[in-house]
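Predicted model only: the values in this text are computed from it and were never measured. Positions are given from 1 along the sequence.
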Amino acid sequence: MTESTPSTPSTSYCGTPEAGPRPEPAAEGPFAACVLCREPTEYPESVKGITLCPVCEWQEAQRTACSG
């Protein structure tokens, strides 16, 4: 029988990538459009980069998660 060591973030096979800084949600419009489904997001139009609506953001997180 082999000894198993507890998995830590530095020793686990599939670590969770560090999330980058997220912009603050906009209090009022105009809102940026999601790059995948074109629905309005919670971010203002002035945000640079890829903006995703909450649904697409959640689906993208599921796609990139480790399925172990």
Side-chain angles (χ1 to χ4, degrees):
M1 195 175 271
T2 61
E3 288 184 37
S4 63
T5 57
S7 179
T8 62
S10 62
T11 61
S12 69
Y13 174 74
C14 184
T16 305
E18 290 294 321
R22 297 185 64 178
E24 289 293 320
E28 296 181 7
F31 297 101
C34 176
V35 297
L36 298 177
C37 69
R38 307 305 298 163
E39 290 292 320
T41 67
E42 55 188 12
Y43 305 111
E45 284 185 341
S46 61
V47 171
K48 295 182 181 181
I50 297 173
T51 54
L52 299 175
C53 71
V55 173
C56 290
E57 194 170 338
W58 180 79
Q59 290 174 344
E60 186 68 21
Q62 287 225 323
R63 279 193 286 271
T64 59
C66 181
S67 60

Looking at CG of Leu36 and CD of Glu57, how far apart are the two atoms once the value is rounded to the nearest 0.5 Å?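 One gets 10.5 Å once the value is rounded to the nearest 0.5 Å.
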Of Glu39, Gln59, Glu42, Glu60, which meets side chain to side chain contact (heavy atoms under 4.5 Å, CB included) against Leu52? Glu60
Return the minimal non-hydrogen interatomic distance between [X] and [Y], and the atom names on each side.
{"X": "Thr51", "Y": "Ala33", "result": "OG1-O, 3.0 Å"}
{"X": "Cys34", "Y": "Cys53", "result": "SG-N, 3.4 Å"}
{"X": "Pro44", "Y": "Ala32", "result": "O-CB, 3.6 Å"}

Just by modelled atom types, is the Phe31 backbone N or O under 3.5 Å from a matching donor or acceptor in the Thr41 side chain?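 Between the backbone of Phe31 and the side chain of Thr41 there is no qualifying donor-acceptor contact (under 3.5 Å).
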